[in-house]
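Both ligands and their constituent atoms are indexed starting at 1 by order of listing. The structure displayed is predicted, hence computed values, not measured ones.
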Amino acid sequence: MKHITVLKGDGIGPEICLEVVRILDTLKLDLKFDLFEVGEACFEACGELIPSAVYDSIEKNKVVLKAPITTPIGKGFKSLNVQLRNKYQLYANIRPAKSMPNVITPFENIDIVTFRENTEDLYIGEETIIKENEEVHAIKKITRSASEKIIKAAFEYAITNDRKKITCVHKANILKLSDGLFLQIFNEIKVDYPSIEADSMIVDNVCMQLVMHPQRFDIMVMPNLYGDIVSDLTSGLIGGLGLLPSSNLGDDFALFEAVHGSAPDIAGQNKANPTALLLAACLMLDYLAYPKEANQIRDAIDDVLKEGSIRTQDVKGTATTTQFSDAIIARLHV
Ligand code: ATP
């Protein structure tokens with residue numbers, strides 16, 4: 001039996017996580033979910049945001065399903081998300097944004113996958129105070145090895161998933177050396193994939209084009225910071241953060257999570273939309289070679305949304321998290 005490390009997280013994390021595990025359990029797969037408390041509540045209880053038992057479990061299981069974790073602001077903590085991505089060398093953050101049935105937005109037929117480099121750029125967190133309260137410098141790190149990995153991952157995904165085009169997103173007109181290197185590596189690698197159309201675009205133009213002509217995008221690949229921002233934009237195109245899953249893949253470990261944060265404004269109210277984490281669980285099932293079951297869940301989500309009467313408040317409904325999950329489970333048994 002394959003064990004999965006499940007991190008319950010903070011804010012809406014535990015609510016959506018327990019519902020997703022409940023849905024996965026109904027499929028009766030050969031999977032066992034090892035649940036762990038992490039984050040702020042854990043820090044209060046045991047003095048650590050992520051206890052060592054969690055790291056032991058991750059190192060044993062190698063596959064993680066993670067609910068959002070709050071990094072306490074202004075207490076000197078490094079982002080837990082960034083720490084996990086670095087510790088396990090999860091260099092590829094893949095965020096597929098696909099229009100969902102009956103979720104009305106001004107945009108139709110969106111199907112865009114963002115490949116976000118996950119281990120460097122401004123997220124290395126190297127900041128220096130040059131003059132207190134006057135001047136701070138932050139380091140943007142771009143390396144050939146990390147850039148090659150994410151760009152190759154995007155092209156390989158395009159081949160495997162029969163996608164047609166990859167756009168490299170950058171700001172090389174200003175950041176001539178750092179983004180210049182990323183773009184140069186993209187142009188080197190694209191030559192090895194002649195069947196995939198490859199172009200590049202400056203990040204500010206990408207933001208405008210995404211809301212004017214989103215259908216011109218297929219796969220986008222970019223450094224860490226742009227990936228964080230642009231993928232939130234793509235979630236807006238399909239109806240909001242409650243719908244966007246992500247996988248974080250390295251050579252040895254894989255972590256699946258929702259793109260959204262812990263949403264403290266709606267925590268504990270049984271209102272959160274579990275779809276993003278559930279779709280992340282589907283990406284995990286694909287990864288674990290259960291594509292049929294992953295598609296069963298995706299079809300159940302689509303059916304419930306098409307039927308329309310049970311939807312959470314973020315997608316203009318009144319259903320609770322539990323009611324939505326119950327509806328998914330009912331569809332899985334049809
Ligand atoms: P982080 O910095 O950790 O990414 P954030 O400050 O960007 O977090 P989120 O926690 O992602 O914010 O929430 C942004 C908004 O989206 C909030 O108003 C929140 O209620 C809403 N939201 C996020 N996730 C969900 C969800 N699963 N269901 C419903 N609403 C959500």
Side-chain angles (χ1 to χ4, degrees), residues 6-23 38-43 49-50 65-75 77-85 90 93 95-98 100 103-105 114 116 118 121-123 125 224-248 255-283 297 301 304-305 310-328:
V6 180
L7 310 184
K8 284 163 70 181
D10 295 301
I12 58 171
E15 303 162 45
I16 55 173
C17 179
L18 293 176
E19 291 303 329
V20 167
V21 169
R22 185 163 74 91
I23 293 166
V38 287
E40 268 189 320
C42 193
F43 184 76
L49 288 166
I50 302 187
L65 181 64
K66 176 186 150 297
I69 306 175
T70 308
T71 301
I73 296 175
K75 296 182 195 163
F77 293 112
K78 269 186 132 174
S79 160
L80 292 176
N81 299 321
V82 174
Q83 276 185 56
L84 287 170
R85 288 167 191 164
L90 303 168
N93 187 203
R95 301 182 157 187
K98 196 164 191 293
M100 313 218 44
V103 177
I104 310 297
T105 80
T114 302
R116 167 188 177 189
N118 222 8
D121 196 350
L122 284 162
Y123 287 66
N224 206 336
L225 176 66
Y226 311 142
D228 191 1
I229 298 167
V230 170
S231 62
D232 265 30
L233 196 163
T234 64
S235 85
L237 299 177
I238 62 163
L241 278 171
L243 304 171
L244 194 66
S246 76
S247 27
N248 296 271
L255 181 150
F256 301 87
E257 63 184 339
V259 164
H260 61 74
S262 56
D265 52 334
I266 55 165
Q269 298 168 41
N270 199 15
K271 274 193 192 173
N273 189 347
T275 302
L277 190 62
L278 187 55
L279 288 172
C282 293
L283 295 173
I297 297 180
I301 295 172
V304 171
L305 289 173
I310 301 175
R311 45 174 68 220
T312 46
Q313 49 94 37
D314 57 314
V315 284
K316 306 201 167 37
T318 53
T320 63
T321 312
T322 318
Q323 286 167 336
F324 184 76
S325 308
D326 286 343
I328 300 287

How long is the span from the OG1 atom in Thr318 to the CD1 atom in Ile310, to the nearest 0.5 Å? 9.0 Å
Can you find a heavy atom in the side chain of Thr321 that is under 4.5 Å from one in the side chain of Ile16? yes
Checking contacts here: is it the side chain or the backbone of Leu277 that comes within 4.0 Å of ligand 1, counting heavy atoms only? Could be both or neither. neither
Look at atom 30 (N) of ligand 1 and say which protein heavy atom is nearest, naming residue and atom and giving the distance to 0.1 Å. Ile266 CD1, 3.6 Å
Going by heavy atoms in the side chains, are Val38 and Lys66 under 4.5 Å from each other? no
Enumerate the atoms of ligand 1 whose separation from the nearest heavy atom of Ser262 is less than 4.0 angstrom. 10 (O)
For atom 28 (N) of ligand 1, which protein heavy atom lies nearest, and how many Å away is it? Asn273 N, 2.9 Å
Atom 9 (P) of ligand 1 sits nearest the protein heavy atom Gly261 N, 3.6 Å
Without swapping roles, check the side chain of Asn118 against the backbone of Leu90 for a donor-acceptor pair under 3.5 Å. yes
Considering only protein heavy atoms, determine whether one is less than 4.0 Å from atom 21 (C) of ligand 1. no
Element-labelled atoms of ligand 1 that are located less than 4.0 Å from some non-hydrogen atom of Ala272: 28 (N)
Among Ile16, Thr321, Ile12, which one has a heavy atom closest to atom 25 (C) of ligand 1? Ile12
To the closest 0.5 Å, what do you measure between CD (Glu257) and CD1 (Ile69)? 8.5 Å
Of the non-hydrogen atoms in Asp121 and Asn224, which two are nearest, and what is the gap between them? OD2-N, 3.2 Å
Starting from atom 24 (N) of ligand 1, find the nearest protein heavy-atom neighbour and note its residue, name and distance. His260 CG, 3.2 Å
Just to confirm, does any protein heavy atom lie below 4.0 Å from atom 7 (O) of ligand 1? no
Using only atom types and a distance under 3.5 Å, with no angle test, would you say the side chain of Asn270 pairs donor to acceptor with the backbone of Thr320? no
Please lay out, stage by stage, how Val315 and Thr275 fare under the test side chain to side chain contact (heavy atoms under 4.5 Å, CB included). CA-CA 11 Å; Val315 284; Thr275 302; over 6 Å; no
Applying a strict 4.0 Å limit to heavy atoms, is Ala276 in contact with ligand 1? no
Under-4.0 Å heavy-atom contact between protein and atom 3 (O) of ligand 1: yes
Ala263 heavy atoms within 4.0 Å reach ligand 1 at atoms 10 (O), 19 (C), 20 (O), 23 (C)
Whether Lys271 and Asp265 form a salt bridge (side-chain N of Lys/Arg under 4.0 Å from carboxylate O of Asp/Glu) is what I want to check. no
Heavy-atom check, side chain of Pro274 versus side chain of Ile23, under 4.5 Å: no
List the closest protein heavy-atom neighbour of atom 17 (C) of ligand 1: residue, atom name, distance to the nearest 0.1 Å. Asp265 OD2, 3.4 Å
Write out the residue and atom name of the closest protein heavy atom to atom 15 (C) of ligand 1, then the distance separating them to 0.1 Å. Leu241 CD1, 4.5 Å
